[in-house]
Amino acid sequence: MSHSSTLFAEASTIIPGGVNSPVRACASVHCEPLFIAKGQGAYVTCADGNTYIDYVQSWGPMILGHAHPKVSAALHHAVDNGTSFGAPCEAEVTLAKAVLAAMPGMDMVRMVNSGTEATMSALRLARGVTKRNKFVKFEGCYHGHADSFLAAAGSGVATLSIPGTPGVPDNVVADTLLAPYNDLEAVKALFAAHGKDIAAVFVEPAAANMGLVLPLPGFLEGLRALCDTHGSLLVFDEVITGFRAALGGAQQRFGITPDLTTMGKIIGGGLPVGAYAGKRQYMSHIAPSGGVYQAGTLSGNPLAMAAGIATLQELNKADYTALEHKVEGLCQELENIFASKNMPVTITRLASMFTIFFGQGPIHNFGDAKKCSTERYARFFKHMRAQGIYLAPSAFETAMVSFVHSDDDFKKTLVAAASFTE
Ligand SMILES: *Cc1c(COP(=O)(O)O)cnc(C)c1O
């Protein structure tokens, strides 16, 4: 038995499902997880000593690669000076300035400890500011695991929300209005029916939690206009796309300024950080300057801030365009490989993110994504992992490429893909 297997068996008796976050269990690709012992640059090494080219990147944060020397040095320095005070520290101001410089549409930012906290707090703020309760979210978009966001759609355009998980009361998601991604008409219908009750529209400006699904031209613009017309707040959940779609996130890339932005993943450089940001007129409603309560014992702690600051400093010097060209090249080669096998695939791509959907495109929403073969993805996942390529263990995830993936890494990835037959 491999060491990973032994650890997983032991973990399964004392941690629910053996994991501290569900997708890691690898259930949907029908295998056991690898326990990771070490990460360095573009690679992770498992508990059995095998090394893999990593396209998960901790689900996004590690855009500079694992154990980046500048980030590690910043952490070493910070850790010796104490890890949390529950009092303000200079690093919070430094990171806030770096975030606001990257995203010029935002005036103020509040640090929290995860993406979940960021979206949950942004929703409370939007409701507090507008004094309305309902909000719109899109099927297949993930905004963390706060109760209000865990609603699944019924069939078609559901205005009646049902909880997506036991433990969430019906009344908690009763104010969650659902629409298919990229379906502006559906959102218009929701506004026509509930306009004066809608506090906010939450959207991943490029959806990366149903596989990568790009916004159609006019979709985000349409949401912006609807929110303006109805006095609702447009919230971009940039937990994945922030500092990845571009340094200034999807909002910079697509040229649309939301009212509030949520961040996570990259902003913490591999430590637990989230943030929500927005225009002063809204952010000033947050306690203690306003009445909307939100707090955190470890929020803004110097260790997390140090990793975030070092990461953003490096990203300010990084060549996003060059990385995007490399990923474009990789995706084109992958398309060629699958075409030569007569295997229908649709590869979606944005900046350093891509998804291989095993099915005919185009993929515009969760319904389209679900039509693709998750079983073939599972076989592909296992095939690639056996050859040292570590992909996300679910068909509905996005492959992440870092600034330190090399041409040689891409070559090895392509060689591995070329021998996939099933
Ligand atoms: C990961 C993610 C979240 C949740 O962040 P956590 O840090 O896992 O709580 C929220 N929104 C989006 C778009 C995400 O990808």
Side-chain angles (χ1 to χ4, degrees), residues 19-25 55-63 99 103 110-126 135-151 164-165 176 181 200-215 220 223 234-246 249-251 253-254 258 260-278 294 296 298-301 304 307-308 311 348 350-355 365-366 369 392-394 396-400:
V19 290
N20 282 314
S21 197
V23 199
R24 295 178 196 172
Y55 288 99
V56 179
Q57 299 286 308
S58 187
W59 304 95
M62 312 317 299
I63 191 169
V99 169
M103 291 193 183
R110 168 62 68 82
M111 299 297 165
V112 292
N113 304 292
S114 67
T116 293
E117 266 188 79
T119 55
M120 179 189 86
S121 308
L123 177 58
R124 183 180 306 138
L125 175 60
F135 73 101
V136 176
K137 88 167 272 284
F138 295 92
E139 294 161 22
C141 280
Y142 180 63
H143 301 294
H145 66 88
D147 284 358
S148 316
F149 293 102
L150 293 179
T165 164
T176 307
Y181 198 73
V201 173
F202 272 74
V203 66
E204 288 182 76
N209 285 287
M210 47 177 143
L212 179 66
V213 177
L214 302 183
L220 298 174
L223 297 181
L234 178 61
V235 186
F236 275 7
D237 183 350
E238 298 236 38
V239 170
I240 282 192
T241 52
F243 318 105
R244 182 160 301 260
Q251 55 196 271
R253 178 142 188 151
F254 298 126
L260 299 176
T261 298
T262 57
M263 287 162 269
K265 299 194 169 110
I266 290 175
I267 195 177
L271 269 78
V273 184
Y276 59 113
Q294 183 271 309
L298 292 169
S299 294
N301 78 81
T311 297
T348 53
L350 180 72
S352 51
M353 301 177 278
F354 69 93
T355 293
N365 56 46
F366 196 29
S394 159
F396 300 117
E397 298 293 350
T398 298
M400 301 284 174

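All heavy atoms count here, side chains included; hydrogens, waters and symmetry mates do not. One is the number of the first residue; the rest follow in order along the sequence. Each ligand, and each atom within it, is numbered from 1 in the order the structure gives.
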Of all the heavy-atom pairs spanning [X] and [Y], show the shortest one and how long it is.
X    : Y    : value
F243 : V99  : CZ-CG2, 4.3 Å
H143 : T119 : O-OG1, 2.6 Å
E204 : C141 : OE2-CA, 3.2 Å

Out of all atoms in ligand 1, which are within 4.0 Å of some heavy atom of [X]? Include the element for each.
X    : result
I240 : 15 (O)
T116 : 4 (C), 5 (O), 6 (P), 9 (O)
D237 : 10 (C), 11 (N), 12 (C), 13 (C)
S114 : 7 (O), 9 (O)
N209 : 12 (C), 13 (C), 14 (C), 15 (O)

Main chain of A208, side chain of T398: is a donor-acceptor contact present, judged purely on distance under 3.5 Å? yes
Ignoring hydrogens and angles, tell me if any N or O in the side chain of T355 forms a donor-acceptor pair with the backbone of L212 under 3.5 Å. yes
What protein heavy atom lies closest to atom 2 (C) of ligand 1? Include the residue and the distance to one decimal. K265 NZ, 2.6 Å
List the closest protein heavy-atom neighbour of atom 7 (O) of ligand 1: residue, atom name, distance to the nearest 0.1 Å. G115 N, 2.8 Å
Hey, is ligand 1 close enough to [X] that some N/O pair sits below 3.5 Å?
X    : value
E204 : no
H143 : no
T119 : no

Is there a side chain to side chain donor-acceptor pair (under 3.5 Å) between R124 and Q294 once you walk through the steps? CA-CA 9 Å; R124 183 180 306 138; Q294 183 271 309; over 6 Å; no
Partner of D237 under side chain to side chain contact (heavy atoms under 4.5 Å, CB included), picked from L260, V203, T262, is T262
